[in-house]
Enquirer: 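Sharing a structure below in structure tokens format, with a few things to ask.
Order of the sequence lines sets the chain letters (A, B, ...), proteins ahead of strands, with each chain counted from 1.
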Amino acid sequence: MIHKIGSQTRLFLQTVGSVVWLLLSTISEMMENIARGRAPFRASSLFAQTDRAGVGSVPLTAMVSFFLGLTMAILTGYQLQRFGSERYVPGLVAVAFTRELGPLLTGIVIAARIGAAYTAELGTMTVSEEVEALETMGIGPMRFLVAPRVVAITFLMPCLSVVATVAALISTALVSWYNLNISFEYCRDLILESIMLKDVYTGIVKSLLFGLIIGLVSCYKGLAVVGGAAGVGSATTSSVVIAITTVIGMDTVANIILTNVLP
Amino acid sequence: MSDQPLVRLENVRLAFGEKVILDGFNLAVEKKERLVVMGQSGSGKSTLLRLICGILKPTSGSVKFGYLEIPKLKRSLLNQLRKKVGMVYQYSALISSINVRDNLALPLEELTRKTPAEIDKLVDEKLDMVNMRESKTAMPAELSGGMKKRIGLARALMLEPELILYDEPSAGLDPVISSVIDELMIHVSEQTGATSVIVTHEMESAFRIASRMAMVYQGKVIEIGTPQEMRSSRNPVVVQFLSGDTHGPILEAAGQPPVEAEEEPAKPPRRKR
């Protein structure tokens with residue numbers, strides 16, 4: 001039992017160390033290229049990843065958030081109606097999505113949709129020696145492959161988080177109008193009254209952090225693949241599990257810090 | 001000074017945990033030669049290529065390119081050195097998401113300041129060299145194994161390297177295409193004057209290409225010489241390897257009994273109708 005705990009702890013620390021090393025190596029390769037008077041990575045590659053991770057993820061993120069917002073509004077409305085406090089529903093959903101559920105839900109969707117794709121893609125490239133070929137040519141694989149992916153996913157997460165929150169607010173407005181007799185204008189006022197600036201920046205900071213985690217974990221798992229096609233499969237599963245678990249864990253840590261230390 | 005080998009490995013040991021791949025490995029690669037390195041599967045031949053291009057670092061010993069100690073180089077210097085080394089992979093290792101033209105242009109776009117017109121000209125030149133101009137816009141997945149090998153070779157030539165490393169260049173190819181690749185390697189070496197290190201265990205190819213041959217066995221070079229010297233070697237390991245005999249020191253050392261030719265099983269009597 002103790003041996004198992006020990007080996008699991010060692011594996012965890014190894015993974016954390018490797019992910020941090022990947023981040024530092026990527027930054028170092030980018031800085032070397034900048035020092036040579038060149039762009040840190042290809043702009044075309046960044047735009048391709050941005051399109052894929054961002055634009056491609058809008059429908060799924062919006063749909064999931066729309067339905068979750070709908071459910072949340074119905075259930076909270078059902079409870080609060082009994083106390084005559086249904087006018088708090090739009091504000092409650094708005095705050096929950098802006099600082100918590102928007103980033104978290106987007107993180108989970110992106111880890112499953114894009115993180116898995118990154119791991120599978122880089123894993124296949126590793127297995128077929130494409131990554132090694134880049135290194136042999138003197139082209140840093142971190143700069144060429146990891147940097148555009150991590151930058152794209154990190155800076156797109158806040159945008160997708162906004163999409164998720166807006167989708168949830170639309171569904172909340174519909175439920176408020178149909179079930180709770182709250183007009184769209186009044187609903188908008190209730191939402192704007194309840195959201196504070198700190199809710200917005202909390203959501204943005206969390207989204208950036210989640211994007212960075214998902215990007216780094218998925219790229220690391222892809223580059224560390226061993227064992228052919230089976231290895232790619234297990235690395236992809238493991239990448240999604242680690243990314244989602246870490247996102248939820250970091251969300252808790254961020255909540256503790258932001259509500260207690262920086263109220 | 002000019003007689004110094006291009007690459008020299010001295011007393012190299014490489015181990016992954018308890019598994020020793022190379023031990024006391026010594027090899028000197030002379031300029032402009034075509035050195036074929038042969039040996040059993042898993043004997044460390046491909047590992048040797050990865051040591052030369054700095055992908056792997058030896059546990060101990062020295063790997064030198066000219067005067068430069070490869071394992072001790074900083075990443076930026078190592079990347080500069082890698083411009084002088086081209087590698088052709090066993091399965092080509094072309095970047096699957098971009099077409100042939102972009103695969104060839106990649107090292108020039110990333111590592112040089114050439115204009116797109118200059119790059120296009122060089123890409124066409126190298127494609128002509130390997131007779132693959134018509135596949136310029138094809139994706140790697142649309143190419144056959146032999147075509148991929150040729151494109152892989154063209155990519156390795158893009159930065160006009162001093163040293164070309166070939167990892168099993170004719171593995172998995174039919175005899176005709178294998179001969180085409182062999183002739184291409186000879187042609188490239190003669191035309192560019194580049195030094196070649198070719199790892200293979202295809203004996204027919206090896207004797208066709210080599211100006212010198214080295215036999216790797218149990219983590220060491222046990223025999224090195226011209227193809228004629230290898231043919232007349234009396235080393236039992238070399239003799240067994242070249243003949244492909246199942247009786248001899250190779251299988252005995254591996255703890256495997258020699259494979260006896262099975263007698264044809266007696267046919268069951270035909271049943272009467």
Enquirer: Can you name the salt bridge (charged side-chain N to carboxylate O under 4.0 Å, His left out) partners of A:Arg143, sequence neighbours left out?
Expert: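 A:Arg143: salt bridge (charged side-chain N to carboxylate O under 4.0 Å, His left out) contacts with B:Glu110.
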Enquirer: Are B:Arg101 and B:Glu109 ion-paired here, with the side-chain N under 4.0 Å from a carboxylate O?
Expert: yes
Enquirer: Can you sort out the partners of B:Lys136 under salt bridge (charged side-chain N to carboxylate O under 4.0 Å, His left out), two or more places apart, ordered by chain and number?
Expert: B:Asp124
Enquirer: Check the pair B:Thr59, B:Arg13 against side-chain hydrogen bond (donor to acceptor under 3.5 Å, both in side chains), reporting the backbone distance first and the verdict last.
Expert: CA-CA 6 Å; B:Thr59 313; B:Arg13 179 186 164 84; 5.4 Å; no
Enquirer: Heavy-atom distance under 4.5 Å to chain B: side chain of A:Ser128, backbone, both or neither?
Expert: backbone
Enquirer: If we only count heavy atoms from C-beta on, is the B:Thr137 to B:Val100 side-chain gap below 4.5 Å?
Expert: no
Enquirer: Going by atom types alone, do B:Asp182 and B:Ser205 pair a side-chain donor with an acceptor below 3.5 Å?
Expert: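 Distance-only check passes for B:Asp182 and B:Ser205.
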Enquirer: Any carboxylate oxygen within less than 4.0 angstrom of a Lys/Arg side-chain nitrogen, looking at B:Arg8 and B:Glu30?
Expert: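 Looking at B:Arg8 and B:Glu30, the cut-off is not met.
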Enquirer: Would you say the side-chain atoms of B:Thr200 and B:Glu202 include a donor-acceptor pair closer than 3.5 Å?
Expert: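 The answer is no; no qualifying pair exists.
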Enquirer: Sort out for me which of B:Arg50, B:Met158, B:Met87, B:Gln90 touches chain A most, counting heavy-atom pairs under 4.5 Å.
Expert: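 The residue among B:Arg50, B:Met158, B:Met87, B:Gln90 with the greatest pair count is B:Arg50.
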Enquirer: Considering only heavy atoms, which portion of A:Met137 lies under 4.5 Å from any heavy atom of chain B: side chain, backbone, both, or neither?
Expert: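 Contact with chain B: backbone and side chain both.
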Enquirer: Give me the contact list for residues 11-27 of chain A versus chain B, heavy atoms only, anything under 4.5 Å, ordered by residue number.
Expert: A:Ser25
Enquirer: So if I take each residue of residues 108-116 of chain A and look for any heavy atom under 4.5 Å from a heavy atom in chain B, which residues do I end up with?
Expert: none
Enquirer: Would you say the side chains of B:Tyr89 and B:Glu168 form a donor-acceptor pair under 3.5 Å?
Expert: no
Enquirer: Return the option, out of B:Leu159, B:Val85, B:Leu94, B:Leu165, with the maximum number of heavy-atom pairs under 4.5 Å with chain A.
Expert: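 Going by pairs under 4.5 Å, I would pick B:Leu94.
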Enquirer: Of the listed residues (B:Gly152, B:Gly86, B:Ser97, B:Ser96), which shares the most heavy-atom pairs with chain A below a 4.5 Å separation?
Expert: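 Of B:Gly152, B:Gly86, B:Ser97, B:Ser96, B:Ser96 has the most heavy-atom pairs under 4.5 Å with chain A.
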Enquirer: So which part of A:Ser28 gets closer than 4.5 Å to some heavy atom of chain B, the side chain, the backbone, both or neither?
Expert: both
Enquirer: Please test B:Lys126 against B:Glu160 for side chain to side chain contact (heavy atoms under 4.5 Å, CB included), starting from the C-alpha separation and ending with a verdict.
Expert: CA-CA 10 Å; B:Lys126 302 302 178 205; B:Glu160 295 177 352; 3.4 Å; yes
Enquirer: Under the salt bridge (Lys or Arg N to Asp or Glu O under 4.0 Å) rule, what do B:Glu162 and B:Lys31 come out as? Steps first, then yes or no, please.
Expert: CA-CA 9 Å; B:Glu162 286 176 42; B:Lys31 284 174 186 165; over 6 Å; no
Enquirer: Checking heavy atoms, do the side chain of A:Glu135, its backbone, both or neither come under 4.5 Å from chain B?
Expert: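 Both backbone and side chain.
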Enquirer: Pair B:Val216, B:Phe25 - check side chain to side chain contact (heavy atoms under 4.5 Å, CB included), show working.
Expert: CA-CA 9 Å; B:Val216 178; B:Phe25 190 96; 3.9 Å; yes
Enquirer: Contact part of A:Glu121 toward chain B, heavy-atom cut-off under 4.5 Å: side chain, backbone, both or neither?
Expert: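 For A:Glu121, there is no contact with chain B at all, as no heavy atom is under 4.5 Å.
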